[in-house]
Amino acid sequence: VPEPRSAVASLKEYHPPLGDRVGLRLDFNENTQGCSPRVLERLREITPDDLARYPERAPVEKTVAAFLGLAPEQVLLTAGVDEAIHLACEAFLEPGDEVLIVSPTFAMYEVLAAATGATVRAVPAIPNFQFPAEVLLASVSGKTRMIAIANPNNPTGAAIDPALLIALAEMARDVVIFVDEAYFEFYGRTAIDGVQRLPNLLVARTFSKAYGLAALRVGAVAGSSLMISALRRLATPYNVNGVALACVEVALADQEYIREYVAQVRAGRDVLQRELLRLNITSWPSEANFVLAAFGGAHREFVDGMRRRGILVRDRSSDPGCDGCVRITVGSDEHNRRLLTALDEVVRELRQLRGAAQ
Ligand SMILES: Cc1ncc(COP(=O)(O)O)c(C=O)c1O
């Protein structure tokens, strides 16, 4: 029987809990409202001929590059940020190389870096999930080949000044600094300006979150033309499907939709955080479309109670430093109102149960 490479054989399996997601999905940081109506219109125009032909990425890449203020050779379209991480790891890592991540963070950095045979070292973001800039910099060694950072971070929502990431890229010139801006639209600040002068900086974006197109699997990675040409050599020519490519231009053109949705999320996030504070539940500042909150020993009961009310939230208790934590996605005004009602009911119910047991 053919054996996979040892780095692959020893990978931890990562199975996001996708089964049975019936109800209001506040568990995957998706857009809860649905994409711009202009994208749906474009989808309806797709013809059999469009589906029969192999997709052409380059013209759409040009549009995305212009949108990002970059040249087409500085941008590669990918099947979401996930593929951008995969390509960056495959292009730049070798067995024995070291990759630094800040924990807790998005799981795919560790999986895809480890698959190359590289060693992943996690620098804990403690206390309070703040970015451990000094420890991270002090952890860079001659073996360090990549640092992967989500800004804002998942599952914490913590964000750092992009200037700090640009400074990091300036200080660690031999290290690929992979900045994952999947939640950029909710934060509004970016490291993408650094791409023009820093040959070691990659910045990834996605249409999966604010744009509401997670199912289409499309994103982009920006970097120096040298680094992007390495990723382009590795990418398969039809990595982004034609349906997704057909939607990207109209999705980008409808920035009014993004502004309106992001405004709902930001307002809903503030209300949720105030409500958690009122209920005496610890939560952390977030610049993304979700909030991490600590339910202590009751985290499972909280997730179950919400599910019984038709709302899915994500237990993150087993993430490093996240004991008892649940991540709650924030969505449209209407969905946020449903969330708050259920949150109050479930917390009251859990406290009554605990009171009765004492
Ligand atoms: C930090 C971060 N990066 C990347 C992704 C995946 O994005 P995409 O759908 O573009 O692959 C997620 C999704 O949860 C995420 O939280």
Side-chain angles (χ1 to χ4, degrees), residues 14-18 21 25-32 35 64 68 75-89 99 101-113 122 125 129 131 146-160 162 165 177-187 189-192 202-222 231 235 239-241 243-245 247-248 251-252 258 265 284 286-292 312-316 319-320 322 325-331:
Y14 175 59
H15 293 297
L18 282 167
R21 294 180 68 216
R25 299 183 311 269
L26 304 182
D27 52 346
F28 274 71
N29 306 336
E30 294 160 346
N31 174 314
T32 71
C35 64
V64 174
L68 296 174
V75 174
L76 174 71
L77 293 183
T78 57
V81 174
D82 282 352
E83 196 200 15
I85 302 166
H86 200 175
L87 292 173
C89 289
V99 175
I101 58 172
V102 172
S103 70
T105 194
F106 183 53
M108 292 316 290
Y109 311 135
E110 184 167 358
V111 174
L112 296 171
F129 301 132
F131 189 69
M146 184 185 290
I147 305 178
I149 298 157
N151 195 37
N153 193 16
N154 174 14
T156 61
I160 30 159
L165 299 174
I177 309 295
F178 187 98
V179 179
D180 176 347
E181 295 188 349
Y183 301 99
F184 157 73
E185 290 80 8
F186 306 105
Y187 180 35
R189 303 181 69 188
T190 178
I192 220 153
L202 289 174
V203 180
R205 296 276 184 87
T206 187
F207 289 88
S208 296
K209 304 295 181 184
Y211 286 85
L213 299 172
L216 287 184
R217 309 304 304 133
V218 58
V221 57
L231 302 188
N239 62 332
V240 181
N241 72 76
V243 177
L245 288 176
C247 293
V248 160
L252 278 182
I258 297 297
V265 168
W284 288 269
S286 169
E287 294 289 350
N289 64 338
F290 53 84
V291 170
L292 189 71
L312 310 180
V313 294
R314 186 83 169 266
D315 197 328
R316 302 267 31 151
D319 283 33
C322 295
C325 287
V326 175
R327 193 190 63 201
I328 305 169
T329 302
V330 180

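As the structure lists them, so they are numbered: ligands from 1, and atoms in each ligand from 1.
- Residue contacts with ligand 1 do not include Asn29, since none of its heavy atoms lies under 4.0 Å from the ligand.
- Here Tyr183 has side-chain heavy atoms under 4.0 Å from ligand 1, and that is the only part of it that gets that close.
- For the pair Glu185/Tyr211, a side-chain contact is recorded, criterion being any heavy-atom separation below 4.5 Å from C-beta on.
- Classification of the Phe186-Tyr183 ring pair by plane angle, with boundaries at 30° and 60°, yields tilted.
- At a heavy-atom distance under 4.0 Å, atoms from both the backbone and the side chain of Val81 approach ligand 1.
- Between the side chains of Asn154 and Arg327, a donor-acceptor pair is found at a separation under 3.5 Å.
- The distance from atom CZ of Arg316 to atom OG1 of Thr156, rounded to the nearest 0.5 Å, is 11.0 Å.
- Side-chain contact between Arg205 and Val64 is absent, with no heavy atoms from C-beta onward closer than 4.5 Å.
- At a heavy-atom distance under 4.0 Å, only side-chain atoms of Lys209, from C-beta outward, approach ligand 1.
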Name the atoms and distances for all side-chain donor-acceptor pairs under 3.5 Å in residues 77-87, with sequence neighbours left out.
{"unit_1": "Thr78", "atom_1": "OG1", "unit_2": "Gly80", "atom_2": "O", "d": "2.8"}
{"unit_1": "Glu83", "atom_1": "OE1", "unit_2": "Ala79", "atom_2": "N", "d": "2.7"}
{"unit_1": "Glu83", "atom_1": "OE1", "unit_2": "Asn239", "atom_2": "ND2", "d": "2.9"}

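- The nearest heavy-atom contact from the protein to atom 10 (O) of ligand 1 is Thr206 OG1, 2.5 Å.
- Counting heavy atoms only, Asp180 comes closest to atom 2 (C) of ligand 1 of the residues Thr329, Asn154, Asp180.
- Against a heavy-atom cut-off of under 4.0 Å, Asp82 is close to the following atoms of ligand 1: 6 (C), 11 (O).
- Looking at Arg217 against ligand 1, only its side chain comes within 4.0 Å, counting heavy atoms.
- Scored by the side-chain hydrogen bond (donor to acceptor under 3.5 Å, both in side chains) test, Ser208 finds Thr206, Arg217 as partners (sequence neighbours excluded).
- For atom 5 (C) of ligand 1, the closest non-hydrogen atom of the protein is Phe106 CZ, 3.4 Å.
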